[in-house]
Amino acid sequence: ITSTTGDLAVTALTGGAGTIGVTTTDGSITTSGAISSTDGAITLTANDATADDSTPAGITVGGTIGAGTAAIQLLAADDVAVNANVTSTGNVTVTADGASDTFADDNGAITGTGTIAGNLVTLNAAEGIQANTTATTIAMPVRTPRTLNQSSSSSGASSRNPTYSARKM
């Protein structure tokens, strides 16, 4: 589903094992009913094509989102409010201020009262992440500190790529 004009309200979607994609060219996405698939990926993308920040394009999750074993991605040009459960046994990515945004800004926070659960949960937000949770563990990618080898190795090259690992808090 793609909306080329304005905001999009999603009352319910079921995809079976198929992929579900909901995209706005210039507007927000608000869900009020369940979006589910048994094993198909679910992606919601709210883009912002305006030349200023007067009409932010975000995602508000008001109904549950579940994808079985497949990935879930919530990608917004601006804020993401998760007010219902977002669950998968696959990976879940929530990115605020990460979709296409014509006006370069740092308007992008992840907020809400819902629960996000997945094999690996990745949260990216320009303005920050508000955590209201009763969960006992939160898993997210964390950069592992490394010391770069300044001397030449036997191959003449040193590894300069950062590594990431999941850490439970």
Side-chain angles (χ1 to χ4, degrees), residues 1-50 53-101 103 105-141 166 168-169:
I1 298 172
T2 301
S3 171
T4 58
T5 58
D7 298 339
L8 185 61
V10 180
T11 55
L13 282 174
T14 302
T19 299
I20 295 175
V22 178
T23 302
T24 62
T25 302
D26 186 16
S28 294
I29 298 171
T30 302
T31 70
S32 59
I35 298 176
S36 65
S37 71
T38 52
D39 283 320
I42 297 174
T43 302
L44 305 183
T45 307
N47 296 303
D48 189 354
T50 57
D53 203 29
S54 62
T55 56
I59 296 174
T60 301
V61 177
T64 61
I65 298 176
T69 61
I72 297 174
Q73 293 186 73
L74 306 178
L75 312 169
D78 296 305
D79 298 333
V80 177
V82 179
N83 294 314
N85 293 343
V86 176
T87 58
S88 174
T89 56
N91 297 339
V92 178
T93 301
V94 180
T95 302
D97 197 42
S100 177
D101 196 350
F103 179 72
D105 62 29
D106 287 333
N107 181 5
I110 299 172
T111 62
T113 58
T115 300
I116 303 170
N119 178 52
L120 176 65
V121 173
T122 305
L123 305 174
N124 301 298
E127 284 186 304
I129 300 167
Q130 171 192 351
N132 289 329
T133 181
T134 58
T136 55
T137 61
I138 298 173
M140 64 186 75
K168 291 190 178 183
M169 302 169 84

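For the single chain, residues carry numbers from 1 onward in sequence order.
- Of all heavy-atom pairs between Ala57 and Ala76, the closest is O-CB, 4.0 Å.
- Note: Asp78 CG to Asp97 CG = 6.5 Å, rounded to the nearest 0.5 Å.
- In this structure, Ile65 and Thr87 have side chains that are not in contact, with every pair of non-hydrogen atoms separated by 4.5 Å or more.
- Expressed to the nearest 0.5 Å, how far CG of Asp48 lies from OG of Ser28 amounts to 8.0 Å.
- The shortest side-chain heavy-atom distance between Thr23 and Asn47 falls under the 4.5 Å cut-off.
- One distance of note links CD1 of Ile72 with OG of Ser36; it measures 10.0 Å at 0.5 Å rounding.
- The closest donor-acceptor contact from the side chain of Thr64 to the backbone of Asn85 lies at 3.5 Å or more, if one exists at all.
- Taking the side chain as every heavy atom from C-beta outward, Leu123 and Ile116 approach each other to under 4.5 Å.
- Summarising the geometry of Ala96 relative to Gly108, their closest heavy-atom pair is CB-C, 3.5 Å, with the distance given to 0.1 Å.
- With Asp26 contributing its side chain and Ala49 its backbone, the two residues share a donor-acceptor pair below 3.5 Å.
- Residues passing the side chain to side chain contact (heavy atoms under 4.5 Å, CB included) test with Thr43 are Thr45, Gln73, Leu75, sequence neighbours excluded.
- Put simply, OG1 on Thr31 and CD1 on Ile59 are 9.0 Å apart, with the number rounded to the nearest 0.5 Å.
- Of the possible polar contacts, none joining the Ser88 side chain to the Gly118 backbone as a donor-acceptor pair under 3.5 Å is found.
- When all heavy atoms of Thr24 and Ala46 are compared, the closest pair comes out as OG1-CA, 3.3 Å.
- Using modelled atom types, no side-chain atom of Thr122 and backbone atom of Thr93 make a donor-acceptor pair closer than 3.5 Å.
- Leu74 contributes atom CG, which lies 8.5 Å from atom CD1 of Ile110 (distance to the nearest 0.5 angstrom).
- The shortest side-chain heavy-atom distance between Val10 and Val22 falls under the 4.5 Å cut-off.
- Across every non-hydrogen atom of Ile129 and Ala125, the tightest pair is CG1-CB, 3.9 Å.
- Considering all non-hydrogen atoms of both residues, Gly40 and Ala67 come closest at O-CB, 3.8 Å.
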- Checking side-chain hydrogen bond (donor to acceptor under 3.5 Å, both in side chains) for the pair Asp39/Thr69: CA distance, chi angles, key distance, verdict? CA-CA 5 Å; Asp39 283 320; Thr69 61; 2.6 Å; yes
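- The shortest distance between side-chain heavy atoms of Val86 and Val61 falls below 4.5 Å.
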- Before giving the answer on side chain to side chain contact (heavy atoms under 4.5 Å, CB included), spell out for Ile29 and Thr60 the whole-Å C-alpha distance, their side-chain angles and the decisive distance to 0.1 Å. CA-CA 6 Å; Ile29 298 171; Thr60 301; over 6 Å; no
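- Of the possible polar contacts, one joining the Asn91 side chain to the Leu120 backbone as a donor-acceptor pair under 3.5 Å is found.
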